[in-house]
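First up is the structure itself, then whatever we jot down about it.
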Amino acid sequence: MKIAPSVLTADFSQLEAELKSIDNADLLHLDIMDGHFVPNISFGPAITKSIQDQTHLPLDIHLMVTDPLQWIPKFALEQTKYITIHVESNHVSETIQAIQKEHIGVGISLKPKTPVRAIIPYLNEVSLILVMTVEPGFGGQSFMEEMMEKVKELVEIRKREGLHFLIEIDGGVNEETIQIAKASGVDISVVGSYLFNQEDRHQLIEVLKCV
Ligand code: DX5
Ligand code: ZN
């Protein structure tokens, strides 16, 4: 299992130490929230840039933003591996093209209430599908196991259509729920509060990687 710590729950007053404490992860998941698409505001391009300058990890940027199109150039940094937008946000096709133009992996995410059929038109254009396993906006919520039906459906479609997108889940992942995710076919797990609430994060990441 690839592990992508979400820094949303990190202590931003100790950012350098927090980033060091998880530097054996595969990706760094950055939750960008606009206070409109979700009822919370997190951080923007300036903090994203300073995070990039303090980590070697590829960035997995999750835009929980109503109008992501205008922000793509600001998050298209040297270490940005994926920029994920929500299928529920505005101008999805144009935004996918804008991310492709930056030669960055396109991710598309769906909220818990959004069915898989909503992203079918985009499957050929994306490298990553982010299945939300909590209602987006906050860390520390409980894992919604019923979302594994979407994961299984996506695994089926990927095989049938000969596609190559990776499947990532986001929200409520811990040592138990990651087992359920693995069994369902998840490739990458975002881990936020479960990881940042632990002392020995390097050790926990190694354990989660072996799932
Ligand atoms: C929620 C974010 C998630 C969240 C994960 O809107 O997209 O990445 O930070 O945090 P945990 O692992 O605490 O649910
Ligand atoms: Zn996220």
Side-chain angles (χ1 to χ4, degrees), residues 1-12 15 18-19 21-22 25-44 47-48 51 55 57-66 68 71 75 80-89 99 104-114 119 126-148 150-151 166-182 186-199 201 204-205 207-209 211:
M1 179 73 77
K2 298 278 183 227
I3 301 300
S6 159
V7 299
L8 190 69
T9 325
D11 175 355
F12 275 74
L15 193 55
E18 293 284 85
L19 291 173
S21 74
I22 49 144
D26 297 291
L27 291 162
L28 193 60
H29 187 82
L30 304 183
D31 289 308
I32 310 302
M33 300 177 185
D34 66 358
H36 182 262
F37 185 77
V38 291
N40 194 4
I41 295 178
S42 57
F43 52 90
I47 290 198
T48 299
I51 288 173
T55 183
L57 295 179
L59 305 183
D60 172 33
I61 296 179
H62 178 193
L63 296 180
M64 286 162 275
V65 166
T66 301
W71 295 101
F75 287 103
T80 302
K81 185 174 174 85
Y82 297 110
I83 296 180
T84 296
I85 59 171
H86 270 263
V87 69
E88 306 92 350
S89 61
I99 299 169
I104 287 170
V106 179
I108 195 153
S109 184
L110 49 175
K111 289 183 175 180
K113 291 191 188 67
T114 303
I119 60 170
V126 300
S127 316
L128 180 69
I129 297 178
L130 179 59
V131 176
M132 293 307 296
T133 40
V134 294
E135 200 56 45
F138 299 90
Q141 302 175 75
S142 302
F143 184 80
M144 297 170 74
E145 188 168 344
E146 62 274 30
M147 294 299 120
M148 293 303 104
K150 289 187 189 177
V151 170
L166 294 175
I167 300 170
E168 181 177 38
I169 57 164
D170 188 4
V173 173
N174 59 37
E175 275 179 90
E176 284 72 50
T177 58
I178 199 169
Q179 299 287 351
I180 301 166
K182 180 72 179 181
V186 170
D187 302 302
I188 309 170
S189 288
V190 173
V191 191
S193 50
Y194 186 65
L195 183 59
F196 281 97
N197 291 341
Q198 307 279 338
E199 277 311 306
R201 297 167 184 173
L204 179 56
I205 288 172
V207 167
L208 296 175
K209 276 179 174 178
V211 165

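Count residues from 1 along the sequence. Atoms within a ligand are numbered from 1 in the order they appear, just like the ligands themselves.
Ligand 1 has at least one atom lying under 4.0 Å from a heavy atom of Met33.
In terms of N/O distances under 3.5 Å, ligand 1 is not approached by Tyr194. For ligand 1, none of its N or O atoms has an N or O atom of Gln141 under 3.5 Å away. Close N/O approach between Leu8 and ligand 1 is not found [any backbone or side-chain N/O within under 3.5 Å]. Residue Gly140 has at least one nitrogen or oxygen atom sitting less than 3.5 Å from a nitrogen or oxygen atom of ligand 1, judged on distance alone. In terms of polar-atom proximity, defined here as any N/O pair under 3.5 Å, Asp31 does make such a contact with ligand 1. Where the criterion is an N or O separation shorter than 3.5 Å, residue side chain and backbone included, Thr9 fails it with respect to ligand 1. Residue Val134 has no N or O atom closer than 3.5 Å to an N or O atom of ligand 1. Note: no N/O pair closer than 3.5 Å links Met64 and ligand 1 by distance alone.
Applying the 4.0 Å criterion to heavy atoms of His29 picks out, from ligand 1, the atoms 8 (O). Residue Gly171 approaches ligand 1 through these ligand atoms, each under 4.0 Å from one of its heavy atoms: 14 (O). Those atoms of ligand 1 that come under 4.0 Å of a heavy atom in Val190, given as number and element, are 8 (O). Here is the list of ligand 1 atoms found below 4.0 Å of a heavy atom in Gly137: 1 (C), 6 (O). Applying the 4.0 Å criterion to heavy atoms of Pro136 picks out, from ligand 1, the atoms 6 (O). Ligand-side atoms of ligand 1 in range of Ser193: 11 (P), 12 (O), 13 (O), range being under 4.0 angstrom from any heavy atom. Counting atoms of ligand 1 from 1 in the listed order, those under 4.0 Å from a heavy atom of Ser6 are 8 (O), 9 (O). Against a heavy-atom cut-off of under 4.0 Å, Met132 is close to the following atoms of ligand 1: 7 (O).
Judged purely by atom type and a 3.5 angstrom limit, Thr133 has no side-chain atom pairing as donor or acceptor with the backbone of Phe143. Distance alone, capped at 3.5 Å, places no donor-acceptor pair between the Thr80 side chain and the Tyr82 backbone. Between the side chain of Asp34 and the main chain of Thr66, a donor-acceptor pair closer than 3.5 Å is present. Glu88 places no side-chain N or O within donor-acceptor distance of the main-chain N or O of Leu110, the cut-off being under 3.5 Å. Formation of a donor-acceptor pair under 3.5 Å by the Lys81 side chain with backbone atoms of Leu28 is not found in this model. Judged purely by atom type and a 3.5 angstrom limit, Asp187 has no side-chain atom pairing as donor or acceptor with the backbone of Leu166. A donor-acceptor pair under 3.5 Å is formed between the side chain of Gln141 and the backbone N or O of Glu135. A donor-acceptor pair is defined here as one N or O able to donate and one able to accept, closer than 3.5 Å; no such pair exists between the side chain of Ser6 and the backbone of Gly192.
Pairing each heavy atom of Asp26 with each of Ile3, the nearest pair is OD2-N, 2.8 Å.
Between Ile205 and Leu195, some side-chain heavy-atom pair lies under the 4.5 Å cut-off.
Taking the N/O/S atoms of His62 in turn, the shortest distance to the Zn ion (ligand 2) belongs to ND1. Within Asp170, OD2 is the N, O or S atom that lies nearest to the Zn ion (ligand 2). For Asp31, the N/O/S atom at the shortest distance from the Zn ion (ligand 2) is named OD1.
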Criterion side-chain hydrogen bond (donor to acceptor under 3.5 Å, both in side chains) on His62 and Thr84, from CA distance to verdict:
CA-CA 5 Å; His62 178 193; Thr84 296; over 6 Å; no

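Salt bridge Arg201/Glu18: present, at least one basic N to carboxylate O contact under 4.0 Å.
In this structure, the protein non-hydrogen atom closest to atom 12 (O) of ligand 1 is Gly192 N, 2.8 Å. Protein heavy atom nearest atom 14 (O) of ligand 1, with residue, atom name and distance: Gly172 N, 2.8 Å. Nearest protein heavy-atom contact of atom 10 (O) of ligand 1 is Gly139 CA, 3.6 Å. Atom 8 (O) of ligand 1 has as its closest protein heavy atom Asp170 OD1, 2.5 Å. Nearest to atom 1 (C) of ligand 1 among the protein's heavy atoms is Phe138 O, 3.6 Å.
Between the side chains of Asp31 and His29, at least one donor-acceptor pair of N or O atoms lies under 3.5 Å. At a cut-off of 3.5 Å, with distance as the only test, a side-chain donor of Glu175 or Tyr194 sits close to an acceptor on the other residue.
Below 30°, between 30° and 60°, or above 60°: for Phe12 and Phe43 the angle between ring planes is between 30° and 60°, a tilted geometry.
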